[in-house]
Asks: 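Have a look at this one.
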Amino acid sequence: MKFSSSLKLNHIFRRLYHTTGQADGYLVLYARKNRTDSNRVGITVGKKLGKAHIRNRTRRRIREVYRLNEEKFLPGWDIVVVARSRAVEAPFDKLTKSYLSLAKKAGILQESAE
RNA sequence: CAACCAGAUCGGACAGCCGCGGACGCAGGCCGAAAGGCCGCGGAUGAGGAAAGUCCGGGCUCCACAGGGCAGGGAUAACGGGUAACGCCCGCCGGGGGAAACCCCAGGACAAGUGCAACAGAGAUAUACUACUGCAUUGCAGGAAAGGUGAAAAGACAGGCUCAUAGCCUGUCCGGCCCAUGGUAACAUGGGUUUUACGAUGUAAACUCUAUCCCGGAGCAACGCCGUGGAGGGACAACAGGCUGACCCGGCCGUCCCGAGGAGGCGGCUUGAUCCUAUGGGCAACCAUAGGGCUAGAUAGAUGGCUGUCAAGACAGAACCCGGCUUAUAGAUCUGGUUGUACC
RNA sequence: GGUACUGUAGCCAAGUGGUAAGGCCCCGGUCUGCAAAACCGUUAUUCGCCAGUUCAAAUCUGGCCAGUACCU
């Protein structure tokens, strides 16, 4: 990916949970500026959603949505996406639609992508 | 061919585009004094039979600890073997199931002691309600067969003597004990002994006893190393620097050193009671020898998305590592075997 | 990843082998002109599930399932 990396630090996750997020039936999205030129993206899949292989698959699909749509995002943000229970069985195009609409509400999409 | 039984192996495949992890290689690029770091390119490589539950047994690491015995605690339970060890595995004995192949069993001891046994029943470890027999006429003697209750009522049955269903005698069977033979052994077979004391209910997944084994605690989020800042301790010799102050002393900032240590980082981290093949030993589990192979090491945690064809069809994702057990699991293939039917 | 604990009526729960206490709620009745309160009565096919031991299991033993807490 061109300007993105994964978000790994636990205290940044906790800082983002305290911000106001955007949510729908599939996902919850938190975003915050990070004063760099790149994005850091974290994904949270809670233990209630299923066993280990189900959580792994859900996380991969959410990561893939970001990877395929990276050029639509603005750089310089920390982003955390939390999967909700409907995201486990959701088809891929619905997941993509949900992700992008939440990102648009949060104001982290490029103007040309809208 | 059908229905089964046992064991073993696999457990979506192929193609295209985009993408991920850690090694390796590169006369590649950038940073750096160097060590090295970051990026790029390349071709390989990259989850399981249960990776799961965390139920047992170990390795490994740290903390605690002079030696020995008793006590105490825990585990196991026919017998023999395998193993580093096990509560696991193999063989075998006994019992149970099946027509058979074959499968299942926590399978020591209640005549060492203690405890518990509701309801029903006359009586529950002991008894005499109904009923029975003899003599006498409602009393004496006999003793426990039958009825009934219950999970359980003094091993089971037959014949003779007898007033009798008591008691005694005889015989058969079950169990116990003793002897012989076979077996390493559990045990099997045969013979003997006896019947009120060799047989006086059940329960030890009740306390307990016996035999064998074990014995401190924690667990890789263990543990070791580095450690910006901040806080702590020490030093500041000479004119000296800044702040406080009219000035001096003093205090703070400052400079250097020290050892703990939070965030974070690095190691631990994968070659091991290892796997494959062959030969030999053993009924088998397994063992020995020889040759060959290296096959994930992440740390918000790597296998995904889309398309096409076939199939449509599971359970499910390593996190220090092994040996087992248990649980979940669609389907496919192979090997050996049993029974039934038909044909030659 | 690791270590503990809990599961009994809709809710809170007692019950250490022998008919599963009690309280709240719900429902029915008495009372009242109608309610409330009070009083009386009623509610467990599986005591989380499956096996086993026992004459007999909520209870004892083993294995699963679900939930909670702690270490971080």
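Order of the sequence lines fixes the chain letters, A, B, ..., with proteins taken first and strands second; residue numbering starts at 1 for each chain.
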Asks: Looking at residues at least two apart in the chain, or sitting in another chain, which of them share a salt bridge (charged side-chain N to carboxylate O under 4.0 Å, His left out) with A/Arg61?
Replies: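 Result, salt bridge (charged side-chain N to carboxylate O under 4.0 Å, His left out) vs A/Arg61: none returned.
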Asks: Partners of A/Arg60 by side chain to side chain contact (heavy atoms under 4.5 Å, CB included), sequence neighbours excluded?
Replies: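 Expected list: A/Asn56, A/Arg63.
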Asks: Could you work out the separation of B/U189 and B/G183 based on their C1' atoms and round it to a whole Å?
Replies: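 Nearest-Å result for B/U189 against B/G183 at atom C1': 12 Å.
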Asks: Please name the nucleotide paired to B/G250 by Watson-Crick or G-U wobble geometry with both distances under 3.5 Å, or report none.
Replies: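 Checking every strand shown, B/G250 finds its partner in B/U244, with both distances under 3.5 Å.
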Asks: Could you check how far CZ of A/Arg63 sits from P of B/G304, rounded to whole Å?
Replies: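 Rounded to whole Å, this separation is 11 Å.
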Asks: Establish, with yes or no, whether the OP1 or OP2 oxygen of B/C20 is under 4.0 angstrom from a side-chain nitrogen or oxygen of A/Ser6.
Replies: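 Checking B/C20 against A/Ser6, no side-chain N or O comes under 4.0 Å of OP1 or OP2.
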Asks: Could you check if a side-chain atom of A/Val81 sits within less than 4.5 angstrom of a side-chain atom of A/Thr44, using non-hydrogen atoms only?
Replies: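 No. Closest side-chain heavy atoms not under 4.5 Å.
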Asks: Side-chain N or O of A/Arg61 versus OP1/OP2 of B/G305: is the shortest distance under 4.0 Å?
Replies: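 It does, given that an N or O in the side chain of A/Arg61 lies less than 4.0 Å from OP1 or OP2 of B/G305.
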Asks: For A/Phe73 and A/Tyr66, what are the C-alpha separation, side-chain angles and deciding distance, and is it a side chain to side chain contact (heavy atoms under 4.5 Å, CB included)?
Replies: CA-CA 9 Å; A/Phe73 282 78; A/Tyr66 181 84; 4.0 Å; yes
Asks: Polar pairs (N or O, both sides) under 3.5 Å between protein and nucleotides 313-318 of chain B?
Replies:
from: B/A316; atom 1: OP1; to: A/Lys51; atom 2: NZ; distance (Å): 3.4
from: B/A316; atom 1: N7; to: A/His53; atom 2: NE2; distance (Å): 3.2
from: B/G317; atom 1: OP2; to: A/Ala52; atom 2: N; distance (Å): 3.3
from: B/G317; atom 1: OP2; to: A/His53; atom 2: N; distance (Å): 3.2
from: B/G317; atom 1: OP2; to: A/His53; atom 2: ND1; distance (Å): 2.7
from: B/G317; atom 1: N7; to: A/Asn56; atom 2: ND2; distance (Å): 3.4
from: B/G317; atom 1: O6; to: A/Arg60; atom 2: NH1; distance (Å): 3.0

Asks: Pick the nucleotide of RNA chain B nearest each of A/Thr44 and A/Asp93; which residue has the one closer to the 5' end?
Replies: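 Counting from the 5' end, the first nearest nucleotide belongs to A/Thr44.
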Asks: Within this structure, what is the CD1-CD1 distance for the pair A/Ile108 and A/Ile79, rounded to the nearest 0.5 Å?
Replies: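 Nearest 0.5 Å value for the CD1-CD1 distance: 4.0 Å.
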Asks: Just jot down the side chain to side chain contact (heavy atoms under 4.5 Å, CB included) partners of A/Ala52, sequence neighbours excluded, or say none.
Replies: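 A/Ala52 satisfies side chain to side chain contact (heavy atoms under 4.5 Å, CB included) with A/Arg55 once adjacent residues are dropped.
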Asks: What's the separation between atom CD in A/Glu89 and atom CD1 in A/Ile54, rounded to the nearest 0.5 Å?
Replies: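 Those atoms lie 7.5 Å apart.
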Asks: So which of A/Arg40, A/Arg67, A/Glu70 actually passes side chain to side chain donor-acceptor pair (under 3.5 Å) with A/Ser4?
Replies: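 The single option meeting the side chain to side chain donor-acceptor pair (under 3.5 Å) with A/Ser4 is A/Glu70.
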Asks: Has A/Phe13 got its ring stacked on the base of B/A300, with centres under 5.5 Å and planes less than 30° apart?
Replies: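 So yes, this residue stacks on that base, both cut-offs being met.
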Asks: Between C/G48 and C/U16, how far is it from one P atom to the other, in whole Å?
Replies: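 Nearest-Å result for C/G48 against C/U16 at atom P: 15 Å.
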Asks: Distance check, C1' atoms only: B/A78 and B/A188, in whole angstrom units.
Replies: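 Per the computed distance, 15 Å lies between those C1' atoms.
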Asks: Identify whether the glycosidic angle of B/A131 places it syn (within 90° of 0) or anti.
Replies: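 What B/A131 shows is an anti base, its glycosidic angle lying more than 90° from 0.
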Asks: B/A302 phosphate, OP1 or OP2: any side-chain N/O from A/Arg59 under 4.0 angstrom?
Replies: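 So the side chain of A/Arg59 is within the cut-off, an N or O lying under 4.0 Å from OP1 or OP2 of B/A302.
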Asks: Roughly, in whole Å, what's the span from CD1 in A/Ile43 to C1' in B/A300?
Replies: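 My rounded result for the distance is 9 Å.
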Asks: Taking ring pair (Phe, Tyr, Trp, His ring centres under 6.0 Å) as the test, write out the residues that go with A/Tyr17, two or more places apart.
Replies: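 Result, ring pair (Phe, Tyr, Trp, His ring centres under 6.0 Å) vs A/Tyr17: A/Tyr30.
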Asks: Take atom P in B/A144 and the same atom in B/A197, then report the distance between them in whole Å.
Replies: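 It comes out at 13 Å once rounded to the nearest Å.
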Asks: Using the P atoms only, state how far C/G63 lies from B/C56, rounded to an integer number of Å.
Replies: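 Here B/C56 and C/G63 have their P atoms 8 Å from each other.
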Asks: When you compare the protein's N or O atoms with those of nucleotides 16-18 of chain B, which come within less than 3.5 Å of each other, and at what distance?
Replies:
from: B/C18; atom 1: O2'; to: A/Arg67; atom 2: NH1; distance (Å): 3.0
from: B/C18; atom 1: O2; to: A/Arg67; atom 2: NH2; distance (Å): 3.1

